[in-house]
Amino acid sequence: MTIPIKTGAEIDGMRLAGRLASEVLDMLTPHVRPGITTLEIDRLAREHMVNVQGGVPATLGYQPPGYPAYPASLCTSLNDVVCHGIPDDRPLKNGDIVNIDVTVIKDGWHGDNSRMFVVGEGSIAARRLCQITFDAMWKGIVKVKPGARLGDIGHAIQTFAENAGFSVVREFCGHGVGRRFHEEPQVLHYGRPGTLEELVPGMIFTIEPMINAGRREIKEDRKGNRPYDGWTIVTKDRSLSAQWEHTVLVTETGYEVLTVSAGSPQPPAFAPAGYGGATVPAAAAT
Ligand code: MF3
Ligand code: CO
Ligand code: CO
């Protein structure tokens, strides 16, 4: 495995791309209300990325091997959609939950992040799924420091989500990110402590768990006799699914979350305050 290590100006480039990706979500937040369509959200985001940020939506035309070119500037994954939902002309309804996943390219660097939105008033069950998934992402983030292993991250996420009664999607994972949208390493959201690649300062990857309220199995979304759109993934049992995503840098002492802006949700109480969770040695703490 060759995991790119970023230094100096490269990290600065990733900081900017990460902040811009987060600011797109900030900008969208007041618009995510009953009645708006996901296509309207897509247009707002694209115009902001291109005209305000001087960036490029990474997903537009993105075509990994075996996939059709992705047709939109972000992903909108609604209710039982696990990931890669394509914006369309259906209005959001009260009680929907939707993941909005934005990746901005700025000066060649990719910032990749997503958040959950509860449309209007969500059920207690829907809100709990979104909250537990947010916390699960952070259970992974706080494991990030030199010497830790990718398996530590996956294990922390899996045990937390499963103890809450939910399941972890296995088929999609976090990923290294930089000049390329998806690069090494793969960041599984399940696993065993002490296994897989050791983390080294300068690695940058996403942590983006997909957590299902029901069973973990997924399928392609083939509704009726429509042709498959090539992208949309749903839960096999049609239970709700949630996802959050941050882009994270391994620092000399811990982590720095790069997809941060004024509107970023605060970390949960179990995490250090802020987004640069340097692990201060106990002896040095005052
Ligand atoms: N942003 C997604 C991720 O977190 C990837 C979306 S690819 C698309 O990796 F083509 F579906 F947009
Ligand atoms: Co990602
Ligand atoms: Co993403």
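Order of listing sets the numbers, starting from 1, for every ligand and every atom in it.
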Legend entry - Enumerated ligand 1 atoms positioned under 4.0 Å from heavy atoms of T103: 1 (N)
Legend entry - E245 OE2 and E208 OE2 subtending at the Co ion (ligand 2) (10° steps): 80°
Inset, instruction - Write out the residue and atom name of the closest protein heavy atom to atom 2 (C) of ligand 1, then the distance separating them to 0.1 Å. - result: D101 OD2, 3.3 Å
Legend entry - Worked check of side-chain hydrogen bond (donor to acceptor under 3.5 Å, both in side chains) between H175 and E208: CA-CA 9 Å; H175 51 92; E208 49 178 306; 2.9 Å; yes
Legend entry - Carboxylate-amine/guanidinium contact D135 R128, below 4.0 Å: no
Inset, instruction - Count the heavy atoms of every other residue, nucleotide or ligand shown that sit under 6.0 Å from CZ of R90, and state whether that count exceeds 12. - result: no
Legend entry - Qualifying residue, where the test is side chain to side chain contact (heavy atoms under 4.5 Å, CB included) with L258 and the options are I204, T206, V248: I204
Legend entry - F181 heavy atom under 4.0 Å from ligand 1: yes
Legend entry - Heavy atom of the protein closest to atom 9 (O) of ligand 1 (residue, atom name, distance): H182 NE2, 2.7 Å
Legend entry - For atom 12 (F) of ligand 1, closest protein heavy-atom neighbour: T59 CG2, 3.0 Å
Legend entry - Close aromatic pair by centroid cut-off 6.0 Å: W138 and F270: no
Legend entry - Atom indices of ligand 1 within 4.0 angstrom of E208 heavy atoms, with elements: 3 (C), 4 (O), 9 (O)
Legend entry - Nearest protein heavy atom with distance in Å, relative to atom 3 (C) of ligand 1: D112 OD2, 3.4 Å
Legend entry - Charged N-O contact under 4.0 Å between D152 and K139: no
Inset, instruction - Mark yes or no for whether D26, through its side chain, and G263, through its backbone, hold a donor-acceptor pair below 3.5 Å. - result: yes
Inset, instruction - Would you please indicate if the ring centroids of Y255 and H246 are separated by under 6.0 Å? - result: no
Inset, instruction - Please determine if H175 has a nitrogen or oxygen closer than 3.5 Å to a nitrogen or oxygen of ligand 1. - result: yes
Inset, instruction - Could you tell me whether K6 and E256 have a side-chain N and a carboxylate O separated by less than 4.0 Å? - result: no
Inset, instruction - Please report which non-hydrogen protein atom sits nearest to atom 7 (S) of ligand 1, along with the residue it belongs to and the distance in Å to one decimal place. - result: Y62 CD2, 3.8 Å
Legend entry - Angle subtended at the Co ion (ligand 3) by D101 OD2 and D112 OD1, rounded to 10 degrees: 160°
Inset, instruction - Report yes or no: does H175 have an N/O/S atom closer than 2.8 Å to the Co ion (ligand 2)? - result: yes
Legend entry - ligand 1 contacted by T206 (non-hydrogen, < 4.0 Å): no
Inset, instruction - State if Q63 counts as touching ligand 1 under the rule of any non-hydrogen atom under 4.0 Å. - result: no
Inset, instruction - Could you verify whether a donor N or O on one side chain and an acceptor N or O on the other, from Y62 and H182, lie under 3.5 Å apart? - result: yes
Inset, instruction - Would you mind telling me if ligand 1 is within reach of the side chain of Y67, the backbone, both or neither, using heavy atoms under 4.0 Å? - result: neither
Inset, instruction - Using a strict cut-off of 4.0 Å, indicate which atoms of ligand 1 neighbour a heavy atom of C75. - result: 6 (C), 8 (C), 11 (F), 12 (F)
